[in-house]
Amino acid sequence: MKRSRVLFPAAAGLAILITAISTVSIRSARAGTPLSSVPVRDVESGARDPINITGEFVIPDGAIGITVGFPGPVGKLPAGKRFVIETVTAHADLPPNQRPILQVVTFDGEHFIPFTQQRLFDRVHMEASRRVKLYSASDVKVDFAREGELTGEARCTVTLSGYYVTI
C-alpha cells in the first residue's frame, strides 16, 4: 500500500514530463514558417564609414602626461560626420614603479580606460581594451599620463576603432 502511494504519483509525474518534452520538441517543427531574423548590426550599411585610428604617445623624462587630438595631425573629423567609437585598445610601456592613466575625452564627457599588467621585468608593460559607445562631432582628445616616479620615457600606443556617420 505504501509503495502504491509513491509509485502512482511518480508515474503520473513522469508521464506529464514526457508528454511536455515531446510536445515542445514536436511543436517547433509544426509551428509553421519560421520568423524572419532581425539583424543586430548593419555592417554593410553605406551610412557608416569604418575608421581605425592609431596614435603613439611618448612622455619624456620628467613630464607627467601628454594630450593628443584624434584623428590627429593628418586631418580633422570630416565635415557633417560624427565619430562613433566602439573599441579603445592601448599598450603602455613604462619605467618601473609607474602606472599608466588613459582617458578619452568626447563631448559626452571623460572616459577612463583601465589597464591590466602584462609583465614586469625591467619595464612595466600594461594592456587596455574596452568596448565602448562614445560619440563625438569634433576631434577626440586622448590623455595619456603616468603616476608614480616621473623618471624615464613612457610610451603608449592607442587605437580607436569605430565608424563615421552622417549627422
Side-chain angles (χ1 to χ4, degrees), residues 24-25 28 31-167:
V24 169
S25 63
S28 62
T33 57
L35 297 174
S36 60
S37 62
V38 178
V40 176
R41 278 185 60 181
D42 187 7
V43 180
E44 302 298 322
S45 175
R48 296 181 182 179
D49 301 322
I51 186 78
N52 193 38
I53 304 170
T54 300
E56 289 240 0
F57 297 82
V58 178
I59 301 174
D61 186 12
I64 195 166
I66 187 171
T67 300
V68 173
F70 278 72
V74 293
K76 297 285 184 192
L77 202 64
K81 297 283 186 174
R82 174 173 287 144
F83 186 16
V84 180
I85 303 168
E86 291 187 319
T87 307
V88 178
T89 57
H91 169 75
D93 176 43
L94 302 101
N97 301 320
Q98 296 183 17
R99 295 289 175 258
I101 301 169
L102 184 65
Q103 178 180 4
V104 178
V105 182
T106 65
F107 69 84
D108 291 344
E110 302 170 349
H111 311 278
F112 287 92
I113 309 299
F115 279 88
T116 56
Q117 187 164 325
Q118 298 301 310
R119 64 177 197 234
L120 176 60
F121 294 113
D122 58 330
R123 294 185 59 85
V124 177
H125 298 274
M126 299 187 87
E127 301 286 332
S129 182
R130 176 66 54 107
R131 289 188 54 89
V132 294
K133 197 66 137 182
L134 307 176
Y135 303 90
S136 184
S138 61
D139 289 348
V140 177
K141 303 289 184 228
V142 177
D143 299 329
F144 172 57
R146 59 181 165 181
E147 59 183 7
E149 300 174 4
L150 301 180
T151 58
E153 184 178 86
R155 297 180 163 275
C156 185
T157 304
V158 178
T159 301
L160 304 179
S161 302
Y163 53 89
Y164 291 137
V165 291
T166 304
I167 50 176

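In this chain, residues are counted from 1 in sequence order. Note that the structure is predicted; figures quoted are calculated from it, not measured.
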Go through the structure and list residues passing side chain to side chain donor-acceptor pair (under 3.5 Å) with [X], not counting sequence neighbours.
X: Thr89; result: none
X: Thr87; result: none
X: Gln118; result: Thr116
X: Thr166; result: Lys81

Exercise. So, the side chain of Arg123 versus the backbone of Asp93: is there a donor-acceptor pair under 3.5 Å, distance only?
Worked result: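 The answer is yes, because a donor-acceptor pair under 3.5 Å joins these two groups.
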
Results of side chain to side chain contact (heavy atoms under 4.5 Å, CB included) for [X] - residues two or more places apart only:
X: Ala145; answer: Ile101
X: Asp122; answer: none
X: Ile51; answer: Ile53, Phe83, Tyr164
X: His111; answer: Thr106, Asp108, Leu134

Per-pair distances, 0.1 Å, donor-acceptor, side chain in residues 55-68, under 3.5 Å, sequence neighbours excluded:
from, atom 1, to, atom 2, distance (Å)
Asp61, OD1, Gly152, N, 2.8
Thr67, OG1, Asp143, OD1, 2.6

Exercise. So how far is it from Tyr163 OH to Asp49 CG, rounded to the nearest 0.5 Å?
Worked result: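 These two atoms lie 11.5 Å from each other.
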
Problem set entry | Nearest-0.5 Å distance that lies between atom CD1 in Ile85 and atom NZ in Lys133 | 11.0 Å

For this session: Take His91 and Thr159 through the side chain to side chain contact (heavy atoms under 4.5 Å, CB included) test and state the conclusion after the steps.
Result: CA-CA 9 Å; His91 169 75; Thr159 301; over 6 Å; no

Problem set entry | Qualifying residues under salt bridge (Lys or Arg N to Asp or Glu O under 4.0 Å), relative to Arg99, sequence neighbours excluded | none

Problem set entry | Set of residues satisfying salt bridge (Lys or Arg N to Asp or Glu O under 4.0 Å) with respect to Arg155, sequence neighbours excluded | Glu153

For this session: Sorted by first residue and then second, give each salt bridge (charged side-chain N to carboxylate O under 4.0 Å, His left out) pair with at least one member in residues 156-167; sequence neighbours left out.
Result: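 Non-adjacent pairs meeting salt bridge (charged side-chain N to carboxylate O under 4.0 Å, His left out): zero.
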
